[in-house]
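Since the structure comes first, as structure tokens, the remarks are kept for the end.
The sequence lines fix the lettering, A, B, ..., with proteins before strands; numbering per chain opens at 1.
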Number of protein chains: 2
Amino acid sequence: MGRPRVGVLSRRLIGETALRLLDDDRDTGFRMSDLARALGVRVSSLYNHVENKTAVFAEIREILAERIDADAAPDPRWDHALRNWAHAYRAAFAAHPSTVAYLSALPLDATSTVGRSYDHLASQLQDAGWSAAESMSVIVAVESFVLGSALDASAPQDMLDPGDRADVPTFAAAYHARRELAEVQGATPADLAFTLGLDALLEGLRLRLGRG
Amino acid sequence: MGRPRVGVLSRRLIGETALRLLDDDRDTGFRMSDLARALGVRVSSLYNHVENKTAVFAEIREILAERIDADAAPDPRWDHALRNWAHAYRAAFAAHPSTVAYLSALPLDATSTVGRSYDHLASQLQDAGWSAAESMSVIVAVESFVLGSALDASAPQDMLDPGDRADVPTFAAAYHARRELAEVQGATPADLAFTLGLDALLEGLRLRLGRG
DNA sequence: ACCTGAACACCGTTCAAGT
DNA sequence: ACCTGAACACCGTTCAAGT
């Protein structure tokens with residue numbers, strides 16, 4: 001066949017296709033051969049655009065990072081801006097649960113888009129009175145919470161279910177109470193923990209800033 | 001060879017050895033063949049004790065969970081108990097950074113030891129005035145933060161380094177300020193974010209409970 | 001009940017050949 | 001510059017044979 005007249009592949013297209021495959025089949029991940037088939041191409045062609053499979057995941061993260069950056073509504077109040085960012089961040093993962101396990105394993109890096117989000121938030125935090133060093137810690141702390149919550153949310157629903165274990169009665173009761181409360185509120189149990197935790201975290205941060 | 005007079009392998013021993021291998025070589029993970037060699041045994045022997053490689057990771061988690069449960073100092077004050085648990089949790093991961101990526105990908109489950117920790121904490125939280133449903137959310141929120149922070153801490157030190165990028169000046173300055181502050185305090189940047197975030201989270205939770 | 005050796009299966013990656 | 005086909009390499013897992 002040789003080189004096609006018009007380029008059929010690109011790093012971005014490969015990433016988008018891989019993301020779609022992950023969404024379609026939550027359990028099994030994707031194989032490079034799946035990816036090639038979905039793109040109407042042979043496996044070896046992929047390697048003209050990505051170094052290896054890890055680079056495909058990195059591209060997926062870049063795609064999600066851009067979405068987060070675009071979706072996070074700016075707000076003049078630093079705590080609201082942080083909250084919006086956290087919600088957009090988590091929503092991106094919630095829309096693609098099966099990516100979480102792969103992306104969280106990739107060490108965070110300062111890719112272009114991620115770096116830009118950091119830059120905006122750091123400015124705003126420092127304007128509000130946080131020191132330069134603290135502003136980084138605040139961002140990383142919120143991001144850590146979001147990532148951990150996304151991992152929790154991506155786990156199978158009944159993964160914590162104590163079932164009929166008699167040795168942990170309080171845990172079992174609390175587990176079912178949380179599940180029922182979530183159902184009533186039309187949310188998932190993971191949503192409840194995320195909202196509760198994020199609100200508490202931001203409240204604690206406000207308080208700390210207020211104290212100087 | 002056939003069956004040895006005295007059993008040389010066990011699920012626990014396999015897990016402990018795998019944990020040691022992960023500690024020794026941070027980058028590459030371990031192969032089942034590495035594990036067998038370290039145990040003085042052939043690969044196929046392992047499968048008499050573990051179903052597959054994932055089960056080895058599950059055993060590692062069980063080992064760490066027991067350590068966390070043993071190390072978390074109880075305290076009559078619910079917020080201190082939570083804080084001690086969070087610190088023990090993170091310390092376990094800090095001692096074995098290369099496990100974090102693997103274990104965080106394993107969905108949380110209610111293994112015996114983890115379930116027991118949950119049970120104790122849930123009791124204490126409810127005694128302090130949290131509802132049953134809330135007590136679960138509080139525990140999950142704190143655990144999510146710890147896990148996310150552990151992922152952050154396990155990433156290479158300079159992974160966020162914006163380097164000489166001119167497009168993100170505030171981020172770059174904040175990044176270096178945090179690094180210097182950490183050095184002065186004899187901690188890692190990840191430690192600073194963890195402590196700041198955990199304190200804020202607990203402070204926010206105290207406040208929320210106080211408000212009813 | 002449990003270790004061994006050999007084979008299998010799967011899949012990521014490489015590379016010379018082609019246009 | 002980029003797709004193809006074929007081969008390679010690595011490694012997790014299985015299983016009949018042995019004690």
Under a 3.5 Å limit for both distances, which nucleotide forms a Watson-Crick or G-U wobble pair with C:dA16, could you say? D:dT4
With both distances kept under 3.5 Å, what pairs with D:dC11, Watson-Crick or G-U wobble? none
Over how many whole Å does the gap from [X] atom [atom1] to [N] atom [atom2] extend?
X     : N      : atom1 : atom2 : result
B:H49 : C:dC3  : NE2   : C1'   : 8 Å
A:N48 : C:dA17 : CG    : P     : 17 Å
B:L39 : C:dC2  : CG    : P     : 15 Å
B:E51 : D:dT13 : CD    : P     : 10 Å
A:I14 : C:dT13 : CD1   : C1'   : 14 Å
A:M32 : D:dA9  : CE    : C1'   : 16 Å
A:Y47 : C:dC11 : OH    : P     : 12 Å
B:L35 : D:dC11 : CG    : C1'   : 13 Å

What's B:V41 touching, base or sugar-phosphate or nothing? Going by heavy atoms closer than 4.0 Å. sugar-phosphate
Would B:D161 and B:H176 count as a side-chain contact (heavy atoms from CB on, under 4.5 Å) here? Give the steps. CA-CA 8 Å; B:D161 196 336; B:H176 290 110; 4.1 Å; yes
Measuring to OP1 and OP2 of C:dG12, would you say a side-chain N or O of A:N52 lies under 4.0 angstrom away? no
Would one find a side-chain N or O of B:R42 under 4.0 angstrom from OP1 or OP2 of C:dG5? yes
Nearest of C:dC3, D:dT13, C:dT13 to any side-chain atom of B:S45? C:dC3
Could you give me the CA-CA distance, side-chain angles and deciding distance for A:I14 and A:E59, then say whether side-chain contact (heavy atoms from CB on, under 4.5 Å) is met? CA-CA 8 Å; A:I14 289 173; A:E59 181 62 20; over 6 Å; no
Once rounded to the nearest 0.5 Å, what's the spacing between atom CH2 of B:W130 and atom CD1 of B:I139? 11.0 Å
OG of B:S144 to CG of A:D152: how many Å apart, nearest 0.5 Å? 4.5 Å
Check: B:S33 side chain, D:dG12 base, donor-acceptor under 3.5 Å: no
5'-most contact on DNA chain C (nearest-nucleotide basis), A:S44 vs A:R31, goes to A:R31
Just by distance, no angles: are the side chains of B:N48 and B:S45 close enough, under 3.5 Å, to form a donor-acceptor pair? no
